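Bear in mind the structure is a predicted one, so any value in this text is a computation, not a measurement.
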Amino acid sequence: MEYNFKDIESKWQKIWEDNKVFEAKNDYSRPKYYPLVEFPYPSGKGLHVGHPRPYTALDIVARKRRLEGYNVLYTIGWDAFGLPAENFAIKNKIHPAIVTKDNIKKFKSQLKSLGLSFDWSREIDTTSPQYYKWTQWIFLKLFEKDLAYKKEMNVNWCTSCKVVLANEEVVGGVCERCGGQVVRKEKQQWMLKITDYAQKLLDGLDKVRYPKKIKLSQQNWIGKSTGASVFFESSQGEKIEVYTTRPDTLFGVTHLVLAPEHELIKKWSNNINNIDEIKKYCQESAKKSDFERLELNKEKTGVKIEGIKAINPVNNKKIDIYISDYVLVGYGTGAIMAVPAHDQRDWEFAKKYNINILEVVSGGDVNKQAFSEDGIIINSEFLNGLSISQAKEKMIEWLENNKKGNAKTNFKLRDWVFSRQRYWGEPIPIIHCEKCGMVPVPEDQLPLELPDVDNYQPTDDGQSPLAMIKDWVNVKCPVCGADAKRETDTMPQWAGSSWYFLRYCDPDNNKELASREALNYWLPVDWYNGGMEHTTLHLLYSRFWYKFLYDIGVVPTDEPYSRRTSHGLILGFNGEKMSKSKGNVVNPDDIINQYGADTMRLYEMFIGDFEQSAPWNSDSIKGCKRFLDKVWGLQDLLDRSCESNKKDFSSKLEISFNKTIKKITEDIENLKFNTAIAALMALLNEINNIKTINQKELKTYLILLNPFAPHITEEIWSICNFEGYITDQKWPDFDESKCQDFVVQIAIQINGKIKARIDINKDLDKSEVIKIAKENINISEEIKNKIIKKEIYVPGKLVNIVV
RNA sequence: GCCGGAGUGGCGAAAUCGGCAGACGCACAGGACUUAAAAUCCUGGGAGGUAAAACUCGUACCGGUUCAAGUCCGGUCUCCGGCACCA
């Protein structure tokens, strides 16, 4: 029976809004629950059907929690700084703030039409000065604690646009937009010392409930390794420090490899015989992005430095030095000791350049490939006969005693490049004074607002467009009053998103980023859902900021998120990622117009395993619409007699209802929204077979369905004259003892092959069941004249007789 | 190259403390209702095989463990996502 979803949905959305049904209460005595979804970047394209998947999922959780009696904080905001708005501004000369405002308006109306139970009174926008005042404040705290600093860094530089590019904007070595040549250019960048928190970020993972794959990704990203620093000496007398995880193989070192950017190469330039060749190689590798180096380096390249040698500290042997771009300047010391016998990359390099291979761990065939497994040390003087781990220990001891090195822990994690030469971001609140150096903008002058500019294009030398506004740039030093200049770089988009969930707790606070009272109550976030693509950047950055804020006493716990889950992508009908160019984008507005928000929500959740990606299929939506039409028809099956009203569940449906309550209750907690809906469908089919439903059953059914399809369930509740609103009801309990049928069907197997099925009482014990099984006509035939070796009974499932 | 995830009907998918593979839905086919169509309702279905059964095969591929394997173990292939050759 079709229902008028248009009227019903707008009616209830208005009632919820007018009555502030979903506003979180500032009543800190009640049990709280804080579910969180990643807030969107409001792009000009509007929502696509992928957005509502996580929002609906946690909306279901939020609605269920409210029914369970919790004070719930579920809200949304806008991560609105970023490149697309800026590029749009450059092209069309429209202020990004105006574009952003329009986009937000569109996103908001789209989200509202889904009936999500967001507390809109707490909505935030990272580009509003009231918000970024506190982003800047956190930056100043980091600066104060020496966790923000400036450093020369390589950036991608488009030689034709004269713009710094993100890795993503570099495609095949050229600028994505203009096709110009991209080179690596040295530039001063603001950095945040996330590496100071590497160990804490690692340790914190033990305390939180994240999926294994997310913990693993973060662990791999942080990449702790233990090994040693070893000091080689050059024939010129300089110390060349290398980091190795295999100090046990030091006697197997055949050469050193330096990164092309290594500082010693400049220093040696007068002493290198083949300096032209070296310079050429360095220039070539400077053209490559990291990604390209990765691509191109399947075949190792490198150049030997002629005229300079290194001395191996353990045996004083003179060895060659090479440069190669498979060694990265940003990791370790930018120099490695090469042990071709026991490292595959070194092995390949050695084979190509005809370098000796010195075996120092026995067990493999180092002529065929590098041997990196465990073995006994050989050819290594005082290490001979030891295992790898013993040899590591002994070598480190030797290095330390002889001042030739030391034990060292290394992290792969690099510091966070925090500045952008862009307009549409938070201005970095620092003033450069010739006398006083880098001076923070005084806190009472925050927010340091973004000034208006006429042109959003960066300057020719790659400075932010802010550098062109002379009366903004030129200021007096807050310390000494001399002429000074403002920092013109802005912050990356990651800044605003690193702490937004704190602001939700107290969004209008003008004195603090949020009151301590509110933070104490709401934090930590109980359940945070987001995309896998944010696992190693956003998720790690925000944990870092949070831990920092904990250390300076701003937040009450040391981890921000108790639980993290991630959703799979919604793909186009063709199984590819949705994108305009592929023509497979689906707009949720169309679906809602045609089928309604409840159907849309249901299909988003029914489409498949929440954590797995799934292709969108506009034909399959019909099933969800049909289901809701049938739910609408339940009104007609309601037995309105007095008798019925007093009843508990009817005997026919009692078990089914208990089973379903249990299943829905558990499935929602376990992200199994698809099977929860399947269970509701199955129960509905059962009710339709019986053709009657009593009051308790209908009420229970509506409450169970409510988190998934909130509008239709409210409407039926109200039409049936049930008391109050469905949003004020209590989530149903189930009786564990009534979750299983008395009579169950079990399979009977002979040697693992099914030969019969029988119905038995679930409480019968093994011998009784096997007795009944053997009496079955098929079975008695089968086992006649055979020797029974084994009889197995799996309660409620099957009997297997082995003959 | 490395790391992570996944391969099950025509399609989306269920079932992983080893225990009846394919719940629920889409599409499809047949039937009912209708002048007719749409909508709705009922019925059907992994493949082969049979008049119908029996039976055989079947969860990417090869092998193993087990009374029993989609699920566990060893190896291989393919697809998707991420990446910083991390010494």
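Here A/L602 lies out of heavy-atom contact (under 4.0 Å) with every strand. Using a 4.0 Å heavy-atom criterion, one finds that A/Q612 contacts the sugar-phosphate atoms exclusively. Here A/N685 lies in heavy-atom contact (under 4.0 Å) with sugar-phosphate atoms only. Nucleic acid contact for A/M681: sugar-phosphate only, since backbone atoms but no base atoms lie under 4.0 Å from a heavy atom of the residue. Residue contacts shown for A/T244 are limited to sugar-phosphate atoms, with no base heavy atom under 4.0 Å away.
In this model, the phosphate group of B/G19 is not approached by any side-chain N or O of A/K797 to a distance below 4.0 Å at OP1 or OP2. Between A/K755 and B/C55, a side-chain N or O to OP1/OP2 separation shorter than 4.0 Å is present. For B/G25, neither phosphate oxygen OP1 nor OP2 lies less than 4.0 angstrom from any side-chain nitrogen or oxygen of A/R626. Note on A/T536: every side-chain N or O is 4.0 Å or more away from OP1 and OP2 of B/G82.
Taking atom P in both B/A29 and B/G22, the straight-line distance is 25 Å, to the nearest Å. Between B/C28 and B/U65, the two C1' atoms lie 42 Å apart (nearest whole Å). Nucleotides B/G1 and B/A84 place their C1' atoms 13 Å apart, quoted to the nearest Å.
Residues A/E348 and A/K352 are not paired through a salt bridge, judged by the lack of any N-O separation under 4.0 Å between the basic side chain and the carboxylate. A salt bridge does not link A/E669 with A/K663: every distance from a Lys NZ or Arg NE/NH1/NH2 to an Asp or Glu carboxylate oxygen is 4.0 Å or more.
For A/N529 and A/T565, the side-chain atoms include at least one donor-acceptor pair closer than 3.5 Å.
Along RNA chain B, the nucleotide closest to A/I792 and the one closest to A/N689 are compared, and the more 5′ of them pairs with A/N689.
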